[in-house]
Amino acid sequence: HHATGALHPITQIKNEIIDVFAGMGFEIYEGPEIEDDDHNFTRLNVPKNHPARDMQDTFYVADDIVLRTQTSGGQIRVMDKEKPPIKVLVPGRVFRSDSDATHSPMFHQIEGLVVDKGVTMADLKGTLNAVIKAIYGANSVTRFRPHHFPFTEPSCEVDIQCHKCGGKGCPTCKGEGWIEVL
C-alpha cells in the first residue's frame, strides 16, 4: 500500500526557501491574509489617494479591511513588537484583482526585512546569492540589475544564468541567456 498525495509544488519551494533563510538566522513571520488598511497601506506610506488603493487593484472586504496586496504588513507587525536587530522573512499568499494572461488574482510572495547598523547592499546581494545557490545549485551564476520600484530604494532585479544553455541563448531563456528570478 502506497501513501497517496504530496505537498503542492509551491508549498515545497516555499518550505525550501524558508529553510534557507531560517538557516541564516531569519525569524519566520506569517501575518494575516485579511489585513486592515492601516497595516496594508497607511503605515507603509501609501497615501489615501494613491492608485495602489484603487478598488480595481485591491479586494476590499469592508471600508478599511482588505485581502492583503503584499506581505509587508507583516514587517510592520514585527517592528511593532521587536527592537533591532531584526531579521525576518515574511512569506504568504497575496491578492490583487489584476488577472490577465500573466497575472493571477492570488499569488505567493516572500519578502525579507533586515534592520541593523551597518547593513549594506552587499549584505543583500550576499544573502540572495546564498539563497539562489541553495535553491538552484552551487554553480548558479547571478546578475543584479538596478531597477526602480516605488517602495524600495535602492532596488534591483536578480537574474540567474540559463541552466539549459549556460548563457548562450535558447528557447527556455527566450534567447537572453538569463532568467529573472527576483
Side chain Asp36, main chain His39, donor-acceptor under 3.5 Å: yes

Closest approach of Arg93 to Phe95 (non-hydrogen atoms, all atoms of both residues): O-CE1, 3.9 Å

Partner set under side-chain hydrogen bond (donor to acceptor under 3.5 Å, both in side chains) for Asp123, not counting sequence neighbours: Thr120

Step-by-step side-chain contact (heavy atoms from CB on, under 4.5 Å) determination, Glu35 to Ile76: CA-CA 12 Å; Glu35 186 62 276; Ile76 301 295; over 6 Å; no

Salt bridge present between Glu27 and Lys87 (N-O < 4.0 angstrom): no

Residues forming a salt bridge (charged side-chain N to carboxylate O under 4.0 Å, His left out) with Arg145, sequence neighbours excluded: Glu157, Asp159, Glu180

Same cluster (ILVMFWY, side-chain, under 4.5 Å), Leu113 and Val90: yes

Value rounded to 0.5 Å, distance of CZ in Phe41 from CG in Asp64: 12.0 Å

For the student: nearest non-hydrogen atoms of Met121 and Pro154, plus distance: SD-CG, 3.9 Å

Minimum side-chain heavy-atom gap Ile34-Leu67 below 4.5 Å: yes

From Cys173 atom SG to Lys164 atom NZ, the distance as rounded to the nearest 0.5 Å: 10.5 Å

Shared hydrophobic cluster for Ile28 and Leu128 (ILVMFWY, side-chain gaps under 4.5 Å): yes

Residue pair Val114, Phe26: steps toward the side-chain contact (heavy atoms from CB on, under 4.5 Å) verdict: CA-CA 9 Å; Val114 174; Phe26 279 74; 3.7 Å; yes

Arg68 side-chain N/O to Gly31 backbone N/O, donor-acceptor pair under 3.5 Å: yes

Donor-acceptor pair, side chain of Thr71 and main chain of Gly92, under 3.5 angstrom: no

Closest heavy-atom pair and its distance - Ile86, Glu82: CD1-O, 3.7 Å

Exercise: do Thr69 and Asn40 side chains pair donor with acceptor under 3.5 Å: yes

From Cys156 atom SG to Phe144 atom CZ, the distance as rounded to the nearest 0.5 Å: 6.0 Å

Residue pair Thr42 / Asp37, side-chain donor-acceptor N/O under 3.5 Å: yes

Gln161 side chain near Arg143 side chain, heavy-atom distance below 4.5 Å: no

Residues clustering with Phe107 (ILVMFWY side chains joined when closer than 4.5 Å, directly or via others): Val94

Sequence neighbours excluded, every pair satisfying side chain to side chain donor-acceptor pair (under 3.5 Å) that has a member inside residues 165-178: none

Leu124 with Ile110, same ILVMFWY side-chain cluster at under 4.5 Å: yes

Donor-acceptor list for residues 11-25 side chains, cut-off 3.5 Å, not counting sequence neighbours:
unit_1, atom_1, unit_2, atom_2, d
Gln12, NE2, Leu7, O, 2.7
Asn15, ND2, Thr11, O, 3.4

For a quick test of your reading: what N or O donor-acceptor pairs under 3.5 Å do the side chains of residues 130-142 make, sequence neighbours left out?
unit_1, atom_1, unit_2, atom_2, d
Lys133, NZ, Ala138, O, 3.2
Lys133, NZ, Ser140, O, 2.8
Ser140, OG, Tyr136, O, 3.4
Ser140, OG, Gly137, O, 2.8
Thr142, OG1, Asn129, OD1, 2.5

Check: Cys162 and Cys170 side chains under 4.5 Å, non-hydrogen atoms: yes

Within one Ile-Leu-Val-Met-Phe-Trp-Tyr cluster: Met106 and Val61, side-chain cutoff 4.5 Å: yes

For Tyr29 against Gly74, the heavy-atom pair lying closest together: CE2-CA, 3.6 Å

Verdict with reasoning, Arg96 to Gln70, per side-chain contact (heavy atoms from CB on, under 4.5 Å): CA-CA 9 Å; Arg96 293 184 196 156; Gln70 76 279 333; 4.1 Å; yes

Main-chain N/O of Leu89 paired to Glu111 side chain as donor or acceptor, under 3.5 Å: no

Asp116 CG: over 12 foreign heavy atoms closer than 6.0 Å: yes

